[in-house]
2 protein chains.
Amino acid sequence: MTTYRDIFTRHGLRCTRQRETLYAALKVTKSHPTAEELHDRVRDQDAGLSLATVYNTLDAFTAAGLIRRLPSTLGSGPCRYDADTHEHVHLTTPDGRIMDVPDDLSERFLDQLSDELVAELERRTGMRIGRVSVQLVTESR
Amino acid sequence: MTTYRDIFTRHGLRCTRQRETLYAALKVTKSHPTAEELHDRVRDQDAGLSLATVYNTLDAFTAAGLIRRLPSTLGSGPCRYDADTHEHVHLTTPDGRIMDVPDDLSERFLDQLSDELVAELERRTGMRIGRVSVQLVTESR
DNA sequence: TGGAGATTTGGAATGATTCTAAGCCTTGGC
DNA sequence: GCCAAGGCTTAGAATCATTCCAAATCTCCA
């Protein structure tokens with residue numbers, strides 16, 4: 001079996017108690033928490049874990065490609081973090097929350113986008129496109 | 001012909017010198033400026049126009065649907081503004097800039113997305129989807 | 001086991017945005 | 001055209017999220 005230590009090592013990250021705690025906490029949730037929310041959620045397990053460490057750690061994870069940072073959809077407000085790095089579609093709410101689109105729909109949605117068109121875009125723009133980010137922006141009803 | 005005054009009125013906004021200046025400045029650029037950049041660009045035309053007014057005005061325009069607010073793609077950093085509200089695809093750079101995908105490609109890209117699938121998503125999630133936001137995330141090469 | 005260097009920490013600092021309260025301007029009614 | 005009512009603008013203060021700092025601690029490899 002693969003331990004968190006293994007995962008961290010493979011991504012060039014040292015294994016610390018704080019990192020294990022935070023990664024585990026992010027892995028189990030589907031809510032795309034903010035740094036503060038995550039800080040709150042690990043408080044009972046490790047009361048000394050500082051908010052600065054939460055930020056440092058999430059930055060390190062993001063840089064290593066272990067997690068994804070989701071900018072606030074509102075423009076202001078805290079960003080959110082997602083331990084699920086496989087390409088998937090997000091649903092964004094008017095109050096700034098971010099939800100996952102069910103996997104089957106997400107996949108069907110992304111499958112529609114032709115690789116050929118992406119390739120043409122790369123040719124025309126001269127830039128390499130790493131991924132296509134899709135959000136379904138919901139409105140109150 | 002349609003004046004800015006007409007446009008503002010139709011959107012329920014009063015017409016002021018500052019609003020005309022800012023809307024005109026945003027209309028002519030393709031660079032998706034930040035509030036500060038916009039403030040700089042209008043300084044020669046109206047030196048007294050305050051940064052607070054830039055923020056207030058951009059908020060009012062955004063709320064009225066006259067322009068679009070683009071959250072920083074980096075997660076931290078200032079957001080950007082776009083006077084072009086028609087659905088189009090953005091190309092985002094690693095340094096936080098946002099570029100438009102050429103219109104023909106943008107259109108071809110969005111045409112691929114089936115309305116049917118969006119409708120199914122609305123049914124399943126119970127939320128109304130206002131628009132589909134697509135960014136092509138580029139990587140340095 | 002030792003030590004180089006990465007990580008953690010609280011607090012200070014920064015950057016972007018929002019708030020506040022006072023004065024000014026726009027608008028609609030006369 | 002003139003006047004209120006209320007929206008808009010403004011500088012500066014306040015807030016919020018994030019980053020920086022420097023000292024103490026921990027991790028990992030030899």
Side-chain angles (χ1 to χ4, degrees), chain A residues 3-23 32-40 42-43 45-64 66-67 69-81 95-96 98, chain B residues 3-23 25 32-40 42-43 45-64 66-67 69-81 95-96:
Chain A
T3 61
Y4 287 154
R5 171 178 299 274
D6 295 335
I7 297 175
F8 294 161
T9 304
R10 269 205 299 278
H11 288 266
L13 296 167
R14 287 196 176 179
C15 185
T16 68
R17 177 172 46 83
Q18 292 88 340
R19 286 177 176 182
E20 288 190 319
T21 302
L22 289 167
Y23 188 63
H32 313 295
T34 66
E36 288 225 43
E37 285 169 354
L38 207 53
H39 187 224
D40 288 346
V42 302
R43 175 158 304 130
Q45 187 182 337
D46 183 347
L49 204 163
S50 75
L51 184 57
T53 296
V54 177
Y55 276 107
N56 290 338
T57 302
L58 292 173
D59 281 356
F61 286 172
T62 303
L66 236 194
I67 67 172
R69 179 196 284 224
L70 314 175
S72 163
T73 58
L74 265 29
S76 61
C79 37
R80 297 178 168 279
Y81 296 87
D95 66 340
I98 299 175
Chain B
T3 60
Y4 288 154
R5 170 178 300 273
D6 294 336
I7 297 176
F8 295 162
T9 303
R10 268 205 298 279
H11 284 85
L13 296 167
R14 286 197 176 178
C15 183
T16 68
R17 177 172 47 83
Q18 293 87 341
R19 287 179 176 181
E20 287 191 319
T21 302
L22 288 167
Y23 188 63
H32 313 294
T34 66
E36 290 226 41
E37 286 169 353
L38 207 53
H39 187 225
D40 288 345
V42 302
R43 177 158 305 128
Q45 187 182 336
D46 183 347
L49 204 163
S50 75
L51 185 56
T53 296
V54 176
Y55 276 107
N56 289 339
T57 302
L58 292 173
D59 281 357
F61 286 173
T62 303
L66 238 194
I67 67 171
R69 178 195 285 223
L70 313 174
S72 164
T73 57
L74 266 29
S76 60
C79 39
R80 297 177 168 278
Y81 296 87
D95 66 342

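Fair warning: this is a prediction, and the values are worked out from it, not measured in the lab. Just so it is clear: chains get the letters A, B, ... in the order the sequence lines come, proteins before strands, and each one is counted from 1.
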Side chain to side chain contact (heavy atoms under 4.5 Å, CB included) between B:Leu66 and B:Phe8: does it pass, once the steps are laid out? CA-CA 8 Å; B:Leu66 238 194; B:Phe8 295 162; 3.8 Å; yes
Residues at least two apart in sequence or cross-chain that pass side chain to side chain contact (heavy atoms under 4.5 Å, CB included) with A:Thr62, listed by chain then number, are A:Ile67, A:Arg69, A:Tyr81
For side chain to side chain contact (heavy atoms under 4.5 Å, CB included), just list the numbers for B:Leu58 and B:Leu22, CA-CA rounded to whole Å, side-chain angles, deciding distance to a tenth of an Å, and then say yes or no. CA-CA 8 Å; B:Leu58 292 173; B:Leu22 288 167; 5.7 Å; no
What does nucleotides 20-30 of chain C look like as a protein-contact string, B for base, S for sugar-phosphate only, - for none, at under 4.0 angstrom between heavy atoms? ------BS---
Rounded to the nearest Å, what distance is computed from the [atom1] atom of residue [X] to the [atom2] atom of nucleotide [N]?
X	N	atom1	atom2	result
B:Leu70	C:dA16	CG	C1'	16 Å
A:Tyr55	C:dG11	OH	P	17 Å
B:His39	C:dG15	NE2	P	17 Å
A:Phe8	C:dT7	CZ	P	11 Å

Pairwise side-chain hydrogen bond (donor to acceptor under 3.5 Å, both in side chains) hits with a residue in residues 8-17 of chain B, at least two apart: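 As it turns out, the side-chain hydrogen bond (donor to acceptor under 3.5 Å, both in side chains) pairs with a partner in residues 8-17 of chain B, which skip direct neighbours, are B:Arg17-B:Asp46.
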Does A:Thr53 put a side-chain nitrogen or oxygen below 4.0 Å from OP1 or OP2 of C:dT9? yes
Does A:Thr57 place a side-chain N or O at less than 4.0 Å from the phosphate oxygens OP1/OP2 of C:dT7?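 The answer is no; no side-chain N or O of A:Thr57 sits under 4.0 Å from OP1 or OP2.
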Can you list everything that forms a salt bridge (Lys or Arg N to Asp or Glu O under 4.0 Å) with B:Asp6? Sequence neighbours excluded, please. none
To the nearest 10°, let me know how far the axis at one end of the helix from C:dT1-D:dA30 to C:dC30-D:dG1 is tilted from the axis at the other, five pairs an end. 50°
Spacing of CG belonging to A:Leu38 relative to OG1 belonging to A:Thr57, to within rounding of 0.5 Å: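 Going from the CG atom of A:Leu38 to the OG1 atom of A:Thr57 covers 9.5 Å.
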What is the distance from atom OG1 of B:Thr34 to atom CG of B:Leu70, rounded to the nearest 0.5 Å?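 Answer for the OG1-CG pair, B:Thr34 versus B:Leu70, is 11.5 Å.
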State, yes or no, whether a side-chain contact exists between A:Arg19 and A:Tyr4 at a heavy-atom distance under 4.5 Å. no
Where the side chain of B:His39 meets the backbone of B:Tyr55, is there a donor-acceptor pair that is under 3.5 Å apart? no
Between A:Arg80 and A:Gly96, is there a donor-acceptor pair closer than 3.5 Å when you use the side chain of the first and the backbone of the second? yes
Contacted region of DNA chain D by chain A, from 5' end to 3' end of the hits, cut-off under 4.0 Å to heavy atoms, spans D:dA17 to D:dC28
Applying the side chain to side chain contact (heavy atoms under 4.5 Å, CB included) criterion to A:Gln18, which one of A:Asn56, A:Val42, A:Leu49 satisfies it?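 Considering A:Asn56, A:Val42, A:Leu49, a side chain to side chain contact (heavy atoms under 4.5 Å, CB included) with A:Gln18 is found only for A:Leu49.
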Of B:Ser76 and B:Gln18, the one whose nearest nucleotide on DNA chain D sits closer to the 5' end is B:Gln18
